[in-house]
Participant: 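Please find one structure pasted underneath; my questions will follow.
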Amino acid sequence: MTTPATPAQPTGPYFFLSYAHVPPHDPVDTGDPNQWVEKLFRALCEHIMHLTRVPAGAAGYMDRELRAGDNWSQTLSDRLSTCRVFVPLYSPRYFESDHCGKEWAAFLERAPRHGAPDAIVPAVWAPMRTMTLPHAAQAIQFNHADLGTRYAEEGFYGIMKLNKYRSQYQMATLGLAQRIIQVAETTPMPHGRIRDYTTVPSVFGDHTPERPVTMTVVAPDLKHLPEGRDAYHYGRTPHEWDPYRSRDGMRPLADCAVEVARSRGFLPHVGTLDEHAESLAAEVPQAPGVLLVDPWATAADDGMESLRPVNQPGRQWISVMVPWNAQDYETVQQETRLRGCLREALGHKLTEPAANPSVPTLDAFKNILPDALHRATQQYFKHAPVYPPGGKKVDRPRLIGPEE
């Protein structure tokens, strides 16, 4: 009697923990905002070491290094090539991360014929109550409530920070470790060398949202900078405006906004004030919208005139967000004048509940934008035209007494 062949198992770690790096809330803070993720990782590795015969150091892999240097991408690619199980740590920030989407996609390349392999075991770091999951995540069948109701509602971050949930945390970590072991020993991902993971398109890019939203960039380009404004934050088109530009390079604010909107199930249409002028001036809304306004754009006469159709009472389906970078010396120096220009150009809009006239950092922008989208959508549904179905009108049913 022959024993059935078991799938060849990779010699790498039991699991690869894929998570979104959280930046410090304060650039001068020397603390580690990802220390709680590392604590979870160590707990999982400890359980796996006790429950299996895995060698020391081979229970799991977690990227604890900053993405810098010559070998970081090769190291991650090697671990993604050899790990048995992929553990994505779900959070709102996770599905906005291009790196996390590339890690997921690279892992799938080891078995391209598998649309949603059993070797992916997701975990919840933070709840995503208002998010629409990308298709890649929707295809993974996993009941988080099996690891505990409180964990399913709050995620690991919510239960590991409070002592009263200590038992729920211990139960959830042990249950997740047991699930990783079960998959690693029965249905691991087939071994396969992957290419440099940074060259793989993010798996989250296949997510096609269905709710349209307009995103209008109100900013100058390099050829139309206001007097006294440096070119550091601008590009060849308004779309390239980066109010939070740092030493790490330039990334347009509109691109960040698109990522956040798509992760919330929206289909963003990005354009300039001129390109969206007709829809912004329409009395009947065509879609909810968000205005990304550079205060320097309101300092010019033509900028104020262009914003006049938007600055009307009752158009709350258009939310206004004004990045105000405290590290931007010119903006801080000219604050009084720029605030006055903003009030003159968008006085009505800035008094609306959804307005955000002073967004200090990129992280703050990413955190605030979902609420701005939500509020604009609510107002859109209040004011959008209603199209009843065609055909013969049917009277509403009425309750009558029993037949005699």
Side-chain angles (χ1 to χ4, degrees), residues 13-26 29-66 79 83-97 100 103-104 118-131 133 137 140-186 188 263 363 366-367 370:
Y14 257 51
F15 73 98
F16 181 106
L17 183 65
S18 175
Y19 71 104
H21 290 242
V22 177
H25 69 88
D26 186 341
D29 188 357
T30 58
D32 180 9
N34 298 295
Q35 61 179 318
W36 295 99
V37 178
E38 184 175 16
K39 180 179 179 181
L40 169 63
F41 171 76
R42 292 184 181 278
L44 293 173
C45 289
E46 183 178 338
H47 286 312
I48 291 173
M49 291 295 294
H50 279 285
L51 297 173
T52 69
R53 293 177 295 176
V54 64
Y61 176 78
M62 171 188 177
D63 171 23
R64 290 294 290 126
E65 303 298 328
L66 293 176
R79 299 300 184 273
C83 66
R84 303 186 188 188
V85 178
F86 184 81
V87 180
L89 198 55
Y90 288 3
S91 70
R93 194 184 295 272
Y94 184 83
F95 294 110
E96 295 169 9
S97 169
C100 294
E103 290 172 352
W104 190 320
D118 294 334
I120 295 180
V121 178
V124 178
W125 180 247
M128 299 160 293
R129 299 183 178 93
T130 62
M131 286 189 64
L133 294 180
I140 305 298
Q141 300 299 316
F142 189 83
N143 186 5
H144 296 286
D146 288 345
L147 303 184
T149 303
R150 182 61 61 182
Y151 157 73
E153 293 176 352
E154 303 296 336
F156 276 116
Y157 183 78
I159 62 175
M160 70 192 304
K161 296 281 285 185
L162 300 176
N163 287 332
K164 67 178 180 178
Y165 296 140
R166 180 175 176 80
S167 61
Q168 288 93 328
Y169 171 69
Q170 292 175 332
M171 181 176 70
T173 53
L174 177 59
L176 180 59
Q178 290 171 331
R179 176 60 178 163
I180 292 171
I181 294 170
Q182 178 189 8
V183 173
E185 296 184 348
T186 58
S263 72
D363 280 337
K366 291 180 178 180
N367 290 332

Participant: If you count every heavy atom of other residues, nucleotides or ligands that lies below 6.0 Å from Y157 atom OH, does the total exceed 12?
Facilitator: no
Participant: Of all heavy-atom pairs between L176 and P122, which one has the smallest distance, and what is that distance?
Facilitator: CD1-O, 4.3 Å
Participant: Distance check, rounded to the nearest 0.5 Å: I140 atom CD1 versus W104 atom CH2?
Facilitator: 5.0 Å
Participant: Roughly how far apart are K161 NZ and E154 CD, rounded to 0.5 Å?
Facilitator: 14.0 Å
Participant: Restricting to non-hydrogen atoms, name the atom on L89 and the atom on W125 that form the minimum distance, rounded to 0.1 Å.
Facilitator: CG-CB, 3.5 Å
Participant: Could you tell me which non-hydrogen atom of A20 sits nearest to which non-hydrogen atom of N34, and how far apart they are?
Facilitator: O-OD1, 4.1 Å
Participant: About how many Å separate CD1 of I181 and CG of L44, when rounded to the nearest 0.5 Å?
Facilitator: 9.5 Å
Participant: Among L17, I48, L51, which one satisfies side-chain contact (heavy atoms from CB on, under 4.5 Å) with I180?
Facilitator: I48
Participant: Is the CG atom of N163 crowded by more than 12 outside heavy atoms at less than 6.0 Å?
Facilitator: no
Participant: Got L40 and Y19 here, is their nearest side-chain heavy-atom distance under 4.5 Å?
Facilitator: no
Participant: At what distance, to the nearest 0.5 angstrom, does CE of M160 lie from NZ of K39?
Facilitator: 5.0 Å
Participant: Output, in order, the C-alpha distance, side-chain angles, deciding distance and verdict of side-chain contact (heavy atoms from CB on, under 4.5 Å) for F156 and W36.
Facilitator: CA-CA 9 Å; F156 276 116; W36 295 99; over 6 Å; no
Participant: Are side-chain heavy atoms of F16 and D63 found at a separation under 4.5 Å?
Facilitator: no
Participant: For a quick test of reading the model, state the closest non-hydrogen atom pair linking V124 to P127 and the distance between them.
Facilitator: CG1-N, 4.4 Å
Participant: Can you tell me how far apart CG (D363) and CZ (R93) are? Round to the nearest 0.5 Å.
Facilitator: 5.0 Å
Participant: Output the distance between atom CD (E185) and atom OG1 (T52), rounded to the nearest 0.5 Å.
Facilitator: 6.5 Å
Participant: Compare all side-chain heavy atoms of T173 with those of Y169 and state whether any distance is below 4.5 angstrom.
Facilitator: yes
Participant: Does the separation of the ring centres of F15 and F41 fall below 6.0 angstrom?
Facilitator: yes
Participant: Can you check whether Y61 reaches C83 side chain to side chain, under 4.5 Å on heavy atoms?
Facilitator: no
Participant: Looking at every non-hydrogen atom in both residues, tell me the closest pair between L147 and M171 and how far apart they are.
Facilitator: O-CE, 3.7 Å
Participant: Distance only, no hydrogens: is a donor on one side chain within 3.5 Å (strictly under) of an acceptor on the other, for S18 and Y94?
Facilitator: yes
Participant: Go through R42 and E38 one step at a time and tell me if the salt bridge (charged side-chain N to carboxylate O under 4.0 Å, His left out) criterion holds.
Facilitator: CA-CA 6 Å; R42 292 184 181 278; E38 184 175 16; 2.9 Å; yes
